[in-house]
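Each residue takes its place number in the sequence, starting with 1.
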Amino acid sequence: MLDTPDRRRAPLTHGKPTWLPCAEMRGEGIFLRVDEESVVEWEHRPEVKQREQLLIRAHDLWRAQRKLAPEQWPGLRYVLLHTFAHVLIRELALECGYSAAGIGERVYAWAGDTPTAGVLLYTAAPDSEGTLGGLVSLGRTDRLGQLVERALDAARLCSSDPLCAEHDPTVHARLSAAACHACLFAAETSCERGNHYLDRALLVDTLTDPGSGFFAR
């Protein structure tokens, strides 16, 4: 809008605007918070730190190949929680009746003075379709635990393994490691990062990296 010449702009009203265009969305969602002490303990494991260095190198190479300015690495806990959100989206879609493309994510992952570690999975629609209750019903204590366990079990083995588990993101400068269309990639409407910064090895044990999963058995 800032690059548009003034002669091509049209005011909303003749006088001072008393309204603004907007869209009212209705929806429902589930928010899950991960224990901060457990996340910090996991971040300090030697195997996890080694995995982080691999992902950071891939991050730097990806930006260098595209001649982009250096950008801060989003952090190890972000990759963990982002991957966790994707496996849950797949499992939720099987249980609640919404399509996977209709479930969005919001990842809360910051370290430092005010650390956060959580994910919000939600639906939103301009009509009542987003409030059918199917997603909220899965957040009950008698259902959520089993759903998370099934999602993690499914993530331990990809139909493209061992190729998926063995993927080295630095070879072709990718922003994801053990991740592909068969196991983690979600629709563009669901993922806030365009299917970047995903790695099953940080979430669960995989065929080639059994020591760095947060939910390792």
Side-chain angles (χ1 to χ4, degrees), residues 29-92 103-122 148 151-152 155-156 158 164-180 183-206 208-216:
I30 300 174
F31 177 77
L32 296 96
R33 184 175 65 87
V34 182
D35 179 66
E36 178 64 24
E37 291 185 3
S38 299
V39 174
V40 172
E41 185 275 331
W42 169 79
E43 288 175 324
H44 286 83
R45 291 187 204 167
E47 304 91 344
V48 175
K49 286 184 173 294
Q50 184 177 359
R51 190 76 177 179
E52 181 181 27
Q53 293 306 310
L54 176 71
L55 293 169
I56 290 175
R57 289 198 303 272
H59 166 84
D60 294 338
L61 286 170
W62 186 88
R63 299 195 65 82
Q65 283 190 357
R66 289 156 180 77
K67 298 181 180 179
L68 299 173
E71 186 178 83
Q72 184 178 2
W73 159 248
L76 197 62
R77 67 172 60 196
Y78 181 89
V79 181
L80 167 67
L81 294 170
H82 191 207
T83 305
F84 184 51
H86 276 231
V87 299
L88 280 181
I89 286 175
R90 288 182 170 235
E91 193 65 31
L92 288 171
I103 303 175
E105 67 177 2
R106 181 72 174 92
V107 180
Y108 301 89
W110 298 287
D113 296 335
T114 56
T116 60
V119 295
L120 172 66
L121 305 178
Y122 65 92
V148 171
L152 295 175
R156 289 187 172 93
C158 172
C164 178
E166 292 175 344
H167 178 240
D168 184 346
T170 62
V171 173
H172 299 292
R174 302 289 178 85
L175 293 178
S176 293
C180 68
C183 59
L184 286 183
F185 287 176
E188 188 175 316
T189 53
S190 297
C191 182
E192 66 180 20
R193 285 280 192 162
N195 286 318
H196 295 319
Y197 303 110
L198 297 166
D199 188 5
R200 283 188 298 123
L202 295 180
L203 185 69
V204 294
D205 291 337
T206 62
T208 59
D209 191 47
S212 56
F214 180 81
F215 294 99

Quiz item: cation-pi between R106 and Y108, 6.0 Å / 45°: yes
Close side-chain approach of E47 and D209, heavy atoms under 4.5 Å: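 Of all side-chain heavy-atom pairs linking D209 with E47, none is under 4.5 Å.
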Non-hydrogen side-chain atoms of L80 and V34 separated by less than 4.5 Å: no
At what distance, to the nearest 0.5 angstrom, does [atom1] of [X] lie from [atom2] of [Y]?
X: L55; Y: Y78; atom1: CG; atom2: OH; answer: 13.5 Å
X: I103; Y: E91; atom1: CD1; atom2: CD; answer: 10.5 Å
X: F185; Y: L198; atom1: CZ; atom2: CG; answer: 6.5 Å
X: I30; Y: L88; atom1: CD1; atom2: CG; answer: 8.0 Å
X: H196; Y: R174; atom1: NE2; atom2: CZ; answer: 10.0 Å
X: L81; Y: L203; atom1: CG; atom2: CG; answer: 9.5 Å

Residue Q65 excluded, over 12 heavy atoms near CD under 6.0 Å: yes
Q53 atom CD: more than 12 heavy-atom contacts under 6.0 Å: yes
Short side-chain to backbone donor-acceptor contact, W73 and R57, under 3.5 Å: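 Looks like no, no N/O pair under 3.5 Å.
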What heavy-atom pair brings [X] and [Y] nearest, and what distance separates the two atoms?
X: C183; Y: R200; result: SG-NE, 3.5 Å
X: T208; Y: A165; result: OG1-O, 3.0 Å
X: S190; Y: E105; result: O-CG, 3.2 Å

Y197 and its side chain to side chain donor-acceptor pair (under 3.5 Å) partner, picked from E192, H59, H82: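 So, applying the side chain to side chain donor-acceptor pair (under 3.5 Å) to Y197 and each of E192, H59, H82, only H59 qualifies.
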Side chain to side chain contact (heavy atoms under 4.5 Å, CB included) partner of V48, chosen from R45, R51, Q50: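 It is R45; the other options fail the test.
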